[in-house]
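Note that the numbering runs from 1 along the sequence shown for the chain.
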Amino acid sequence: LALPRNLPVNLFIINSRPTLEETITGIVTSIHSGEDLPEELYEAQLDIANIPFKKRMQVALIRVLEIYGADEMFEYAVEQTQKEVFQHAKDESEMDGNDSEAVPL
């Protein structure tokens, strides 16, 4: 999902069951004001989507660097690597018929 940096206040990204009152109020406010209607957001999304992949990746990485510190990114990379190593070892032991509890990290 590629979105502009400064999202309008009446735009909701819903990750779980929404509060109906807030959702409807936001929709009514947007329609009443005539600002940030879905058509305008769609056009802005197309502009972002038409940026070449390499440039979009650069923008995404810049955002990550602005949000997370080096220590936090390193810790995340270590955690993910450990998970991958464990999963790979577990998959191999299951193929070999070995005990998956005895897989070293």
Next item on the list: Could you name each residue pair satisfying salt bridge (charged side-chain N to carboxylate O under 4.0 Å, His left out) that touches residues 66-80, not counting sequence neighbours?
Entry: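 Qualifying pairs, neighbours excluded: Arg5-Glu66.
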Next item on the list: Quick one: pull up OG1 in Thr25 and CG in Leu20 and give me the separation to the nearest 0.5 Å.
Entry: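 Spacing of OG1 (Thr25) from CG (Leu20) equals 8.5 Å.
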Item checked: Euclidean distance, Met57 CE relative to Phe53 CZ, rounded to 0.5 Å ->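 If I round to the nearest 0.5 Å, the distance is 4.5 Å.
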Checklist line | Side-chain H-bond candidate by donor/acceptor type, Glu84 with His88, under 3.5 Å | finding: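 No pair is found: no donor N or O on one side chain lies under 3.5 Å from an acceptor on the other.
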Check: So do Gln87 and Lys83 actually touch side chain to side chain, heavy atoms under 4.5 Å?
Finding: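 Side-chain contact under 4.5 Å: no.
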Next item on the list: Grab the two heavy atoms, one from Met73 and one from Leu65, that are nearest each other, plus how far apart they are.
Entry: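 Of all heavy-atom pairs spanning Met73 and Leu65, the closest is CE-CD2, 3.3 Å.
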